[in-house]
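Protein chains get the first letters and strands the later ones, always in sequence-line order, with residue 1 at the start of each. Scope of the values below: all heavy atoms of this structure, side chains included, with no hydrogens, waters or symmetry mates. Remember, predicted model here, so these are calculated numbers, not experimental data.
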2 protein chains.
Amino acid sequence: MGRVTIYEVAQAAGVSVATVSRALNGGPVAPATRERVLEVARRLGYRPDRLAQGLATGRSRTVGVVIPDATGPLYGQMQRGLADVLTAAGFGYIATESRRDPGREAALLDEMLARKVEALVLVGSGLPVEALRARFSTLPPLVLIEREGAAAGVPTYQIENEAAAYRATRALLSAGHTKIAHIKGLRRAGREREAGFLRALAEAGLEPAAVAAGDFTEEGGYRAARALLARGGFTAIFAANDRMALGVYRAAFEAGHKIPEDLSVVGFDDLAFSAYLTPPLSTLRQPAYELGRRAGEAVLSMLGGKTPESAVLPCAYVARASVARKGGAV
Amino acid sequence: MGRVTIYEVAQAAGVSVATVSRALNGGPVAPATRERVLEVARRLGYRPDRLAQGLATGRSRTVGVVIPDATGPLYGQMQRGLADVLTAAGFGYIATESRRDPGREAALLDEMLARKVEALVLVGSGLPVEALRARFSTLPPLVLIEREGAAAGVPTYQIENEAAAYRATRALLSAGHTKIAHIKGLRRAGREREAGFLRALAEAGLEPAAVAAGDFTEEGGYRAARALLARGGFTAIFAANDRMALGVYRAAFEAGHKIPEDLSVVGFDDLAFSAYLTPPLSTLRQPAYELGRRAGEAVLSMLGGKTPESAVLPCAYVARASVARKGGAV
DNA sequence: GCCGCTTTTGTAAGCGCTTACAAGGGGGAA
DNA sequence: TTCCCCCTTGTAAGCGCTTACAAAAGCGGC
């Protein structure tokens, strides 16, 4: 592979390897020497060996990223935010999928530790921080995204699920709806969104018309919506994400209900397709890229010995045509 | 970090480091000794240092993956296929996004080479293989996905764009449509799909009713469809991907055309949302996971000194309600 | 012209692991 | 019992790089 080593550069430039290393890494070297070394290195096509560098310095310039499911559309944006700040700082990263399997997650972490990652970014649900600390005696700096851990003193970046759901529900309320159903999602995000939904209703002195359990997929949303529609008694549905909202569209169509005339719908995520549905879906836009960027900056600042603050990032309510003033109840 | 080294294990087990290394890696060691060493290693929480291993063996057990855009929904599945076979074989991988920027791609490759990846999986459009070989004197085994290179003798895995588009068009033809429009996509995939479309028509002795350029996004599909609908003269549209097909749905709705009564639509990709649109979209299902899996196996076999064969994977036509027998022309 | 100081450069010791090579031990054949 | 061979283990030399430490070289001030 990387044939040319620092030794050959040293020889060709007529200096010692120490000088080459210093010239390459900005150490103290006479300007003329540095220039000569750099020139020779380029001519020879020298490429440093990160493995050797890592071994010698104890720093791998790599951060590990663990996500539950890489197929989510928002994950790509998050990863991009992370990559932007990390690569700008000269760091590489290795990303892997835990698929929500604790055993698998532990194995991935093992492998990342073996690769001497300098920091770990954990995304989404997974083993609690305490469990990690117990299992891995020696852990690099941790940064969490959409995961519990602020209590354990770990910088955590998340979106304001509760507050955003609250605002979405308020939007429905101010359109005159008083009988609102909810299709909830899984895990913490699902619970928080439901909490925001319930709080908005409670403040208005209302009860939820109905709450059905979904699983964040189109199919789950469809099934939940069918169940809900069979019973009726509401004029709007707040689905915990856009994919389930799409399931609602389908169920409503099949049941002969028109959106938004008979039924208003709000989703969560603002996926690419949401703006192009008929009618375009009102939803909450997640700052996914920003989440990644913030986490990346947190990694850098922890590596610099600082203690970054956790943050909860805002979601923007995007009003589209799927919400209308209260019409006939379903 | 990984405090415990092979030396401490050796000392605690009363053997030499060589024996520990052999015990750990399945070298020739007396069974009793191996057991004792393994036990001690576990008790001490020993974790091998991949960097040091890599330096010593010259093999990093890592493969590099470069993709143009990680936000695509199919990419996640492909990555999963790749990861499944690679991690099972004890390989890690580092994935990065080129964002279709040649300079950026070259920089990423540089970094991967510095990390001594044992193989490179290049996905989607990017620098031609010859250019890579010219720029990087020393390149590890290459495997390509959805990218030109079979000519250069590099194992390449792709989906049958042309044949699949041909079949989709045939489906439209056999539903009685004779005036069919196409919204084409970008790059090679776009060209191949268009070619399949044209071939099917030519075989039937027909001309395309119209061909508009799209960019694979909902917005692009929407704009193209509006332009097409303004001129009219067709009863079906074949969009080069599902996202653009969704744009067609929107444009058709706004123009007052009903799908599939007035207009039949076929997409490409079978994204998660496609089955839940109203009406559900007929489309072509891509074997994305399989693509990744095959590429992973190719990597392994090349590392084993073999020469894997390139392959073109089939797409399945999924017939749904967006295609009807020819109705009134738009 | 000599001294002490500040650069600039070289020497060599690792970082943690693998692996040729050699040595020690034990068993079977003679 | 002796010899040979094979199995098991240890010694030590790197892999490519960084970095103390020390030596060399250059400088101004006296």
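- In terms of heavy atoms, B:Val4 sits closest to B:Val9 at CG1-CG2, 4.2 Å.
- Direction of the helix axis in the helix from C:dG1-D:dC30 to C:dA30-D:dT1 shifts by 50° between the two five-pair termini, rounded to 10°.
- No hydrogens or angles considered: a donor-acceptor pair under 3.5 Å links the side chains of A:Thr62 and B:Arg115.
- Listed candidates were C:dT19, C:dT18, D:dT19. Nearest to the side chain of B:Arg22 is C:dT19.
- At distances below 3.5 Å, not a single donor-acceptor pair connects side-chain atoms of B:Gln77 with backbone N or O atoms of A:Thr71.
- Whole-Å rounding puts the A:Tyr46 OH to D:dG16 P distance at 10 Å.
- Protein atom CG of A:Asp49 is 18 Å distant from nucleotide atom P of D:dG14, rounded to whole Å.
- A donor-acceptor contact closer than 3.5 angstrom is absent between the side chains of A:Arg147 and A:Thr156.
- Atoms CD1 (B:Ile6) and P (C:dG16) sit 11 Å apart, rounded to a whole Å.
- Side-chain contact check for A:Leu38 versus A:Glu35: every heavy-atom pair is 4.5 Å or farther apart.
- Minimum atom distance to the side chain of A:Leu55 is reached by D:dG16, of the listed C:dT11, D:dT11, D:dG16.
- Under 4.0 Å is where a charged nitrogen must lie from a carboxylate oxygen, and between A:Glu97 and A:Arg104 no such pair does.
- Inspection of the A:Gln53 and A:Arg61 side chains reveals no N or O donor paired with an N or O acceptor under 3.5 Å.
- Below the 3.5 angstrom threshold, one finds no donor paired with an acceptor across the side chain of A:Tyr7 and the base of D:dC15.
- Judged by distance alone with a 3.5 Å cut-off, no donor-acceptor contact links the side chain of A:Arg50 to the base of D:dG16.
- For the pair B:Leu51 CG and C:dC15 C1', the interatomic distance rounds to 10 Å; values are reported in whole Å.
- Atom CD of A:Glu8 has more than 12 neighbouring heavy atoms from other residues, nucleotides or ligands inside a 6.0 Å radius.
- If you take CG of A:Asn25 and P of D:dA20, they are 13 Å apart, rounded to a whole angstrom.
- Listed by residue number, there are no residues of residues 30-43 of chain A with a heavy-atom contact under 4.0 Å to DNA chain D.
- For D:dT9, neither phosphate oxygen OP1 nor OP2 lies less than 4.0 angstrom from any side-chain nitrogen or oxygen of B:Thr19.
- Listed pair A:Ser16 / C:dT11 fails the phosphate criterion, with no side-chain N or O lying under 4.0 Å from OP1 or OP2.
- Listed nucleotides: D:dG16, D:dG10, D:dT18. Nearest to the side chain of A:Thr5: D:dG16.
- The CZ atom of A:Arg115 sits 15 Å away from the P atom of C:dC17 (whole-angstrom rounding).
- Using a 4.0 Å cut-off, some side-chain N or O of A:Gln53 falls inside it from OP1 or OP2 of D:dT18.
- Rounded to whole Å, atom P of C:dG16 lies 22 Å from atom CZ of B:Arg61.
- Electrostatic pairing of B:Asp84 and B:Arg293 does not count as a salt bridge here, judged by no charged N lying under 4.0 Å from a carboxylate O.
- In this structure, the nucleotide among C:dG10, D:dT18, C:dC17 sitting nearest to the side chain of A:Ala18 is C:dG10.
- Remark: P of D:dC15 and CD of A:Glu8 are 11 Å apart, rounded to the nearest angstrom.
- A salt bridge is defined here as a Lys NZ or Arg NE, NH1 or NH2 lying under 4.0 Å from an Asp or Glu carboxylate O, and A:Arg36 with A:Glu39 fails to meet this definition.
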